Undergrad: 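Structure incoming, see below.
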Protein chains: 2
Amino acid sequence: MTVTIYDVAREAGVSMATVSRVVNNNPNVKPQTRKKVFEAIERLGYRPNAVARGLASKKTTTVGVVIPDISNQIFAEVARGIEDIANMYHYNIILCNADKRKEKEIRVINTLLEKQVDGLLFMGGTVTEEHVQAFRTASVPIVLCATTDEQATIPSVDINHEEAAYDAVHTLLESGHKQIAMISGTLQDQSNGYARYQGYKRALEEAGLALNEEYVRIGNYRYESGVDMMKYFLELPERPSAVFAATDEMAIGAIHAIQDAGLKVPEDVSVISVDNIRMASMVRPQLTTVAQPMYDIGAVSMRLLTKLMKKEPVEQNRVILPHEIIRRASVAQL
Amino acid sequence: MTVTIYDVAREAGVSMATVSRVVNNNPNVKPQTRKKVFEAIERLGYRPNAVARGLASKKTTTVGVVIPDISNQIFAEVARGIEDIANMYHYNIILCNADKRKEKEIRVINTLLEKQVDGLLFMGGTVTEEHVQAFRTASVPIVLCATTDEQATIPSVDINHEEAAYDAVHTLLESGHKQIAMISGTLQDQSNGYARYQGYKRALEEAGLALNEEYVRIGNYRYESGVDMMKYFLELPERPSAVFAATDEMAIGAIHAIQDAGLKVPEDVSVISVDNIRMASMVRPQLTTVAQPMYDIGAVSMRLLTKLMKKEPVEQNRVILPHEIIRRASVAQL
DNA sequence: CTGTTAGCGCGTTCAT
DNA sequence: ATGAACGCGCTAACAG
């Protein structure tokens with residue numbers, strides 16, 4: 001039924017070793033023989049069995065990627081970067097969605113390892129002790145992508161979230177704002193939620209401004225929570241003149257909440273955030289935000305992983321990519 | 001170095017066959033023996049090798065999914081549906097991005113087949129003769145997801161795009177609009193671009209309205225082209241009173257082009273489209289659109305595939321899911 | 001340049 | 001209920 005390397009060998013009148021050489025581009029084959037083999041392959045419709053190959057060679061030319069949420073623009077963009085570089089180095093990708101649930105993350109890490117991937121890219125999400133534990137049992141390299149572990153023991157590629165947030169708030173400060181609210185992500189989330197909140201805090205402190213608890217709400221990174229939290233701020237006796245959202249999505253929600261209340265952005269309230277997803281320029285007014293280089297994060301982490309897999313020397317196990325403020329139209333000068 | 005079923009067998013004082021039985025939940029094992037084996041597995045940190053297992057059993061419990069564009073909200077949503085059902089039936093997913101390029105689509109189909117997936121889900125995109133050819137060489141079931149082939153020979157799950165478009169335009173007609181422009185996708189794209197254009201045409205015809213060539217522009221499904229095409233319409237001597245966009249993204253672009261020109265939606269121009277992506281309710285005014293059940297398309301197609309893989313009987317090889325108009329705020333009554 | 005041979009780690013008869 | 005032995009399709013020495 002299925003045609004094997006053996007059938008091809010018989011059809012071409014050579015040994016299976018020769019067929020294997022041809023298929024694997026081994027130069028040690030006479031051109032004529034090579035041609036015969038190719039013809040036999042064509043005639044029989046032979047398709048190499050990657051599973052058998054993987055077992056024999058102990059390599060699958062496949063890397064596993066765990067993604068927290070496939071429907072999140074940010075991760076999708078990072079994934080593109082990963083993909084492109086993977087392709088370039090002839091690796092295939094197994095993308096596994098983990099729903100942002102730790103239990104499922106651990107599970108997919110293990111199935112990926114069972115499938116004998118040559119390397120693993122763990123994207124986004126918080127890296128707990130349990131994760132580190134699971135990574136430790138792996139015999140292949142792993143790199144964290146768009147996240148880091150607290151002990152900084154695992155190779156990773158990310159931006160400095162604290163600084164990005166600091167820069168965003170600082171931009172507001174520069175424009176004369178003093179009543180700056182924040183729509184944060186969960187403080188449990190080490191690398192994103194917590195770090196961005198810390199950046200907000202530091203910027204205020206350095207400006208000599210007191211932290212007002214009423215001015216900090218915790219959202220869930222999504223649009224709807226941006227709307228809700230902004231509504232809350234709008235009803236405060238002393239309305240903030242600007243708000244910093246931890247993500248673009250929440251910022252866009254905030255913009256709409258402001259508009260729905262009959263106010264204008266940025267005239268009445270300024271909005272800024274971090275991310276620079278495509279949607280940031282698909283709102284009116286267009287969103288001013290601190291861009292994180294999503295594609296590059298993916299690309300660089302995949303590149304790092306290829307080096308690790310090939311046991312090439314790497315200069316840096318832990319790379320921080322630069323962020324950049326994109327000034328659009330959602331922040332007013334006071 | 002790597003611990004195999006053999007090591008476990010020795011450690012537990014049984015044969016490898018017994019270990020295999022335990023790992024595969026074969027009931028023919030004395031509870032006590034089972035316990036011993038589990039302990040040995042634990043002690044050694046044994047992790048089954050899915051590659052070896054795949055070779056021996058000729059099953060990988062993995063299905064391949066080719067996705068045209070991972071950063072497209074629609075496909076991401078469909079993928080979630082696929083994922084959930086796959087999980088339910090204990091299949092793993094290999095997600096492969098194909099960049100909407102035919103050549104790459106064919107390539108990933110082949111690598112997926114080489115990897116011995118138990119089934120294949122082909123998502124979105126146009127299905128050409130070449131695709132059908134590649135599918136034919138497969139010895140595993142394949143289902144098309146959010147697309148169909150012209151000859152209707154391959155199992156598929158989709159909506160009726162022609163009717164969805166018809167309903168959208170009909171909604172405009174009902175509201176009294178007579179000058180209805182369309183921002184279409186490429187007419188080369190059988191299942192989406194072309195079909196939706198046909199629906200537009202039929203609705204106009206049935207209403208006794210002439211098709212005005214100036215009122216039809218071809219976009220590329222994305223926001224920017226929605227902006228551009230709308231600008232074109234706005235400069236026409238006789239501005240349309242409503243526009244039907246083939247996708248929500250282009251519709252949102254159109255809304256912003258209208259607003260940027262100092263006009264209002266829907267007072268000056270109404271906008272409607274097909275898709276109902278999350279962003280549709282993340283604009284002002286919120287977008288009226290014909291919803292396609294993206295999650296369900298994914299879920300149903302995966303369910304169909306599981307049946308095919310298990311050789312269970314299926315009632316319908318080709319399922320059309322219902323669409324539904326979501327009335328929000330972008331269409332005015334004239 | 002080509003063929004022979006021995007596994008890779010595991011599922012699966014077939015005995016016992 | 002358990003074990004011995006074979007083979008899945010291929011790569012990788014080793015010979016020649």
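Below, each value reflects all heavy atoms present in this structure, side chains not excepted, and no hydrogens, waters or symmetry copies. As the structure is a computational prediction, the values presented were derived from the model and not from experiment. Throughout, a chain's letter reflects where its sequence line sits, starting with A, and its residues are numbered from 1.
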Undergrad: Going by the rule side-chain contact (heavy atoms from CB on, under 4.5 Å), which residues pair with A:N92 if we only count those two or more places apart in sequence or in a different chain?
TA: A:T61, A:T62, B:T111, B:K115

Undergrad: Take the C1' atoms of the five end pairs on each side of the helix from C:dC1-D:dG16 to C:dT16-D:dA1, get both axes, and report the angle to 10 degrees.
TA: 30°

Undergrad: Can you list, by residue number, the residues of residues 18-31 of chain B that have a non-hydrogen atom closer than 4.0 angstrom to DNA chain D?
TA: B:T18, B:R21, B:N28, B:V29, B:K30

Undergrad: Can you sort out the partners of A:S57 under side-chain hydrogen bond (donor to acceptor under 3.5 Å, both in side chains), two or more places apart, ordered by chain and number?
TA: none

Undergrad: Quick one: how far along DNA chain D does chain B reach, first to last nucleotide 5' to 3', anything under 4.0 Å to a heavy atom?
TA: D:dA1 to D:dG9

Undergrad: Using a 4.0 Å cut-off on heavy atoms, which residues in residues 50-63 of chain A reach DNA chain C? List them by number, or say none.
TA: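 Listed by number, they are A:L55, A:A56, A:K58.
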
Undergrad: Show me the donor-acceptor pairs within less than 3.5 Å that the side chains of residues 29-38 of chain A make with the rest of the protein, sequence neighbours left out.
TA:
| unit_1 | atom_1 | unit_2 | atom_2 | d |
| --- | --- | --- | --- | --- |
| A:R34 | NH2 | A:N26 | O | 3.1 |
| A:K35 | NZ | A:E39 | OE2 | 3.3 |

Undergrad: For residues 69-83 of chain A, dump all side-chain donor-acceptor pairs below 3.5 Å to protein atoms at least two apart in sequence or in another chain.
TA:
| unit_1 | atom_1 | unit_2 | atom_2 | d |
| --- | --- | --- | --- | --- |
| A:D69 | OD1 | A:S71 | N | 3.0 |
| A:D69 | OD1 | A:S71 | OG | 2.9 |
| A:D69 | OD1 | B:R80 | NH1 | 3.0 |
| A:N72 | OD1 | A:I74 | N | 2.9 |
| A:R80 | NH1 | B:D69 | OD1 | 3.0 |
| A:R80 | NH2 | B:D99 | OD1 | 3.4 |
| A:E83 | OE1 | A:N87 | ND2 | 3.3 |
| A:E83 | OE1 | B:K104 | NZ | 3.1 |

Undergrad: Holding to side-chain contact (heavy atoms from CB on, under 4.5 Å), I want the full list of residues that pass it with B:Q316, two or more places apart in sequence or in another chain.
TA: B:V319

Undergrad: According to side-chain contact (heavy atoms from CB on, under 4.5 Å), who are the partners of B:L44, at least two apart in sequence or on a separate chain?
TA: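 side-chain contact (heavy atoms from CB on, under 4.5 Å) list for B:L44, sorted by chain: B:V3, B:D7, B:V8, B:E11.
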
Undergrad: Listed by chain and number, what are the side-chain contact (heavy atoms from CB on, under 4.5 Å) partners of A:E312, not counting sequence neighbours?
TA: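 A:E312 satisfies side-chain contact (heavy atoms from CB on, under 4.5 Å) with A:R303, A:K307, A:K310 once adjacent residues are dropped.
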
Undergrad: Quick one: ring pair (Phe, Tyr, Trp, His ring centres under 6.0 Å) partners of B:F135, sequence neighbours excluded?
TA: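 For B:F135, the residues satisfying ring pair (Phe, Tyr, Trp, His ring centres under 6.0 Å) (neighbours in sequence not counted) are B:F122.
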
